[in-house]
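Side chains are part of it too, since the values below use all heavy atoms of this structure and drop only hydrogens, waters and symmetry mates. Predicted model only: the values in this text are computed from it and were never measured.
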Amino acid sequence: MSSDEKPDGRPAAPRSLAEALRARDDASLAALLRARPDLITPVPTDLTQLATRAGTRASVVRALERLDRFALQTAEALAVAGDPASYDELLGLMAGDDGDATVAAALPRAVGTLREQALVWGGDDRLRLVRTARELLSPSPQHPSPTGLGPTVQEATAGMSPGRIQELVAAAGLPSTHDAVSAAAALTALFTDRERMAKLLGQAPAEAREVLSRLVWGPPYGQVTADPAAHLRWLLDRGLLLPTAPGTVVLPREVALHLRGGRAHRETEPVPPPVEPAGPTGTRQGSPQVVDATAAGQAYTALATVEELLKDWDEGGPAVLRAGGLSVRDLKRTAVALDVSEPVAAFWVELAYAAGLIASDGEADERYAATPAHDEWRERPAADRWAELAGAWLAATRTAGLVGGRDAKDRTLAALGPGLDRSVAPEVRRRVLALLAALPAGTSPDPESVLARLRWERPLRGPQQEDDLRSRLARWTLQEAELLGVTGRGALSAHGRALLGAPEPHAADDAARTKDSPDVPGSPDVPDTPGDKLPVHHRAAPAGAPAAGTVPPGPADPQARAAARAAAARLLAPLLPEPLDHVLLQADLTAVAPGPLQRPLADVLDVLADVESKGGATVYRFTPASVRRALDAGRSASDLHAFLAAHSRTPVPQPLAYLIDDVARRHGHLRVGAASAYVRCDDDAVLNEILADKRSAALRLRRLAPTVLAAQADPAALLEGLRALGYAPAAESAEGDVVITRADARRTPPRTPPEPVPEGPPVPDATLLAAAVRAIRAGDLASTAPRKAPGTPPAPGELPRTSPAETLATVQAAVLTGEALWIGYVNADGAASQRVIAPVRVEGGFVTAYDHTADEVRTYPLHRITGVAELADD
């Protein structure tokens, strides 16, 4: 009979978490490492080290924070139960004396989740919460338990004198005992006996029962005077209230549980709250086609807004603050230019930055500008451009909603500045959209029900805050998804669903799932009957399934993300308006674009005219300055006449033709170059006019020749000054040629989009999980296999020590016999490890062997082997 079996042949109960992990199969270990990826960084050498790491405070806190509300309530109940506790005891704490069928049905899933994440181990007769979790969740004066329970009688009487404890026993009507431990045990037995406890409380004064009712649900501590009232004295004399400090008393845990009917929590939440439709039933369930069309319209507006922002920053945007980011004044100016509020302007700026379309130029006078990627992005189809923006938004950790707030050092958070990354943002965005995807198509959710669901899936530990980060992120997600066109009228669009990678909904199935199922992502199935608990407890989650209450951060494979974006673009493309190749010219020097324009037409018109109004139709205004801008860009008057005639459905109005000819006649009559700067003109009368104008005094002009003036200002300032005087100068190069200025002249060097800041270690892929499980198994074999060590065996955890001669002889013998050996090995970096190897040959100071730890053949220098031991025959 094996030492790991009971006399009846059943597996023996594990004595530690390491033994419990050792009994798991590879799929269960992989599920643990997937749910808690911090355990795999770096890969543990064996299961003992894995168990130790799983019990560290930082890892346990992280695991507890990722539990859903009911699983966390189950862990809190185990923290106030006995150690170990039976499953029936836990069920009593969760469901109460009267029982609760819903709690009983959901409890196996919660226990299975805690077991899978190595927070609970042991069989159903001996459930143990890992020590660190018990310390975190157990009640204490400094850290009250969420259950509202206080210490046990044993804990509360630990510092009490033996005589005082015997007085409590006698007052409660119990026989005296020989020691304080048995006296506390007698009081505990009384308080946990429902009949005797009910009889004792029946004798209590009404005021005493009222005091107990105020303490029963917590906090369990109260204040008393040095001379308490009679009803308080009655409670103190019988141990129903126990002193913890001068003037402070506590309600023992056993008394509180009796008054609560055995329940550890006032309200248990075994089933997640459903996501409800907005408004009265059915009022917000519209046609999916209307939702898609609305979302597509908003997607087109989003593209137009981002393009307008980039056009505004084409020739160099606002300066970068010394601490990084945009100034408040520049954000306001951008909001006015985009005709949106400042928070919305911050969203568009951050979105363009996340997509890699804008960045700082890195110059000494650092400014924001469009990147080279912007030029490539503009040439792509509209649907592809939208998919790139939406994909960048979905994965970004930068959070525009924080702009204008304060950081931990009370500094204002600026758009594009530091301090805006929140690692949890992508997960919250995907989860909110997933909840919308679970509703019938065309249905918008009630935002408060979405927030309630998120709070259930990831409850806050400690004092509850109404406006926690996850709730704010969820609200911002709903707003930003509408701005971006992922949703329409609050409902998830078809292209938004494709971007998320969610399947098409089926209304009947969704309704049934919402009504009948807890719908916890990645949770095991809940049994139909409360009694079906043992098989579910030991049921491993399928490989690749996320932990309960979590949502995967999206496909890690770039190809999968690209496929999701391509699918979203395919669905959106037919819904976007077709670009037009014409405008309508009007006699008041305006042009009306009745829809989106083709890229070449839009680019030229953006230079030739100014946008006067936007909406369903865009109105452009022709001015002398806008026409001069087109001439500066290298266009001639004849080019402009031909362009307008080719792209207008109406004749070119005479006022517009006169405007172009008039500006072109005067354009370039003056030439500005670098001396510091100079002005030259064939007509010396014009230069005389400039010199006589008092407004030109600031330019500090002087005549060098009849046709040349020199200035102290630089060429750019001289150009602006002369234009302000009403002239139309043109810049020229050192060779005397006219300098053509284009709107897209300012670009940053090549820049990559900002990398999202991950929330802890990344979730390992299947290949890494398989390799890690194999390495942990082999390392565990190396550390636990019985050995025939020569001389004194090494202490547990130490490497074997043998002389070089003994090492060589043992390895050579193993080559002849084909036996496996246990070796200690120190690599070139000085890292020591234990390995189980099967030597194949020994030559030249090296041993070639099959390494069970690495599951491959390797060669080891003999001088790096610290010692060797043969494995025992069994």
Side-chain angles (χ1 to χ4, degrees), residues 77-86 89 92-93 126-129 131 134-145 147-205 208-209 211-212 215-216 218-260 262 264:
L78 278 172
V80 298
D83 188 23
S86 67
E89 180 183 354
L93 288 171
R126 296 178 64 83
L127 292 172
R128 290 185 180 273
L129 193 65
R131 182 182 304 173
R134 179 173 287 275
E135 293 171 354
L136 289 168
L137 299 177
S138 293
S140 69
Q142 295 78 22
H143 304 286
S145 168
T147 61
L149 294 171
T152 62
V153 172
Q154 193 75 40
E155 294 167 346
T157 59
M160 192 176 292
S161 66
R164 176 58 182 154
I165 296 179
Q166 295 300 330
E167 291 177 3
L168 296 177
V169 170
L174 300 174
S176 61
T177 62
H178 298 288
D179 55 68
V181 175
S182 59
L187 281 176
T188 300
L190 169 64
F191 295 160
T192 54
D193 188 314
R194 294 290 187 261
E195 292 185 6
R196 290 194 294 162
M197 190 61 177
K199 183 178 179 182
L200 175 63
L201 291 176
Q203 304 169 6
R209 290 196 295 271
V211 169
L212 294 179
L215 299 177
V216 63
Y221 295 91
Q223 301 294 321
V224 296
T225 62
D227 184 19
H231 64 281
L232 293 175
R233 174 57 60 189
W234 191 92
L235 295 172
L236 289 166
D237 288 345
R238 288 156 182 78
L240 296 174
L241 290 179
L242 293 173
T244 59
T248 303
V249 294
V250 67
L251 181 68
R253 186 181 306 170
E254 294 84 355
V255 177
L257 287 174
H258 173 83
L259 296 171
R260 295 178 177 193

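When side chains are defined from C-beta on, L127 does not count as touching S86, because their heavy atoms never get closer than 4.5 Å. Counting only heavy atoms from C-beta outward, the side chains of D83 and L129 never approach each other to under 4.5 Å. Residues H258 and T192 are not in side-chain contact: their nearest non-hydrogen atoms beyond the backbone lie 4.5 Å or more apart. Residues V80 and L257 form no side-chain contact, since every pair of their non-hydrogen atoms from C-beta on lies 4.5 Å or further apart. Contact annotation: the side chain of Y221 never approaches that of V249 to less than 4.5 Å [non-hydrogen atoms, C-beta and beyond].
With values rounded to the nearest 0.5 angstrom, Q223 atom CD is found 10.5 Å from T225 atom OG1. Here CG of L78 is found 10.5 Å from OG of S138. Values are rounded to the nearest 0.5 Å. Taking CG of L259 as the start and CG of L201 as the end, the distance is 6.0 Å to the nearest 0.5 Å.
Under the salt bridge (Lys or Arg N to Asp or Glu O under 4.0 Å) criterion, the residue pairs touching residues 244-255 are E155-R253, with sequence neighbours excluded.
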Cut-off 3.5 Å, no hydrogens considered: what does the side-chain donor-acceptor table look like for residues 230-240, sequence neighbours left out?
unit_1 : atom_1 : unit_2 : atom_2 : d
R238   : NH1    : W234   : O      : 3.2

Hey, can you pull the donor-acceptor pairs under 3.5 Å for the side chains in residues 166-184, sequence neighbours left out?
unit_1 : atom_1 : unit_2 : atom_2 : d
Q166   : OE1    : T177   : N      : 3.1
Q166   : NE2    : T177   : O      : 3.3
Q166   : NE2    : T177   : OG1    : 3.0
E167   : OE1    : R164   : NH1    : 3.1
T177   : OG1    : D179   : O      : 3.0
T177   : OG1    : S182   : OG     : 3.2
T177   : OG1    : A183   : N      : 3.4
D179   : OD1    : V181   : N      : 3.1
D179   : OD1    : S182   : N      : 2.7
D179   : OD1    : S182   : OG     : 2.9
S182   : OG     : D179   : O      : 3.0

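Between A81 and L93, the shortest heavy-atom contact is CB-CD1, 3.5 Å. Summarising the geometry of G148 relative to P220, their closest heavy-atom pair is O-CD, 3.6 Å, with the distance given to 0.1 Å. When all heavy atoms of P139 and G150 are compared, the closest pair comes out as CG-O, 4.0 Å. For the residue pair E89 and G82, the shortest heavy atom distance occurs at OE2-N, 3.1 Å. Across all non-hydrogen atoms, the minimal contact from A226 to P228 is O-CD, 3.4 Å. Of all non-hydrogen atoms in L242 and P252, the two that sit nearest each other are CD1-CG, 3.7 Å.
Applying the salt bridge (charged side-chain N to carboxylate O under 4.0 Å, His left out) test to R196 and every residue at least two apart in sequence or in another chain returns D193. Take R260 and apply the salt bridge (charged side-chain N to carboxylate O under 4.0 Å, His left out) test, not counting sequence neighbours, and it matches no residue. Scanning for side-chain contact (heavy atoms from CB on, under 4.5 Å) contacts around R209 gives A204, A206, with sequence neighbours left out.
For CZ of R194, the number of neighbouring non-hydrogen atoms (other residues, nucleotides, ligands) closer than 6.0 Å is greater than 12.
In this structure a side-chain-to-backbone donor-acceptor pair under 3.5 Å is missing from T157 to M160.
With L215 as the fixed residue, the side-chain contact (heavy atoms from CB on, under 4.5 Å) test singles out one of V250, L241, V255: L241.
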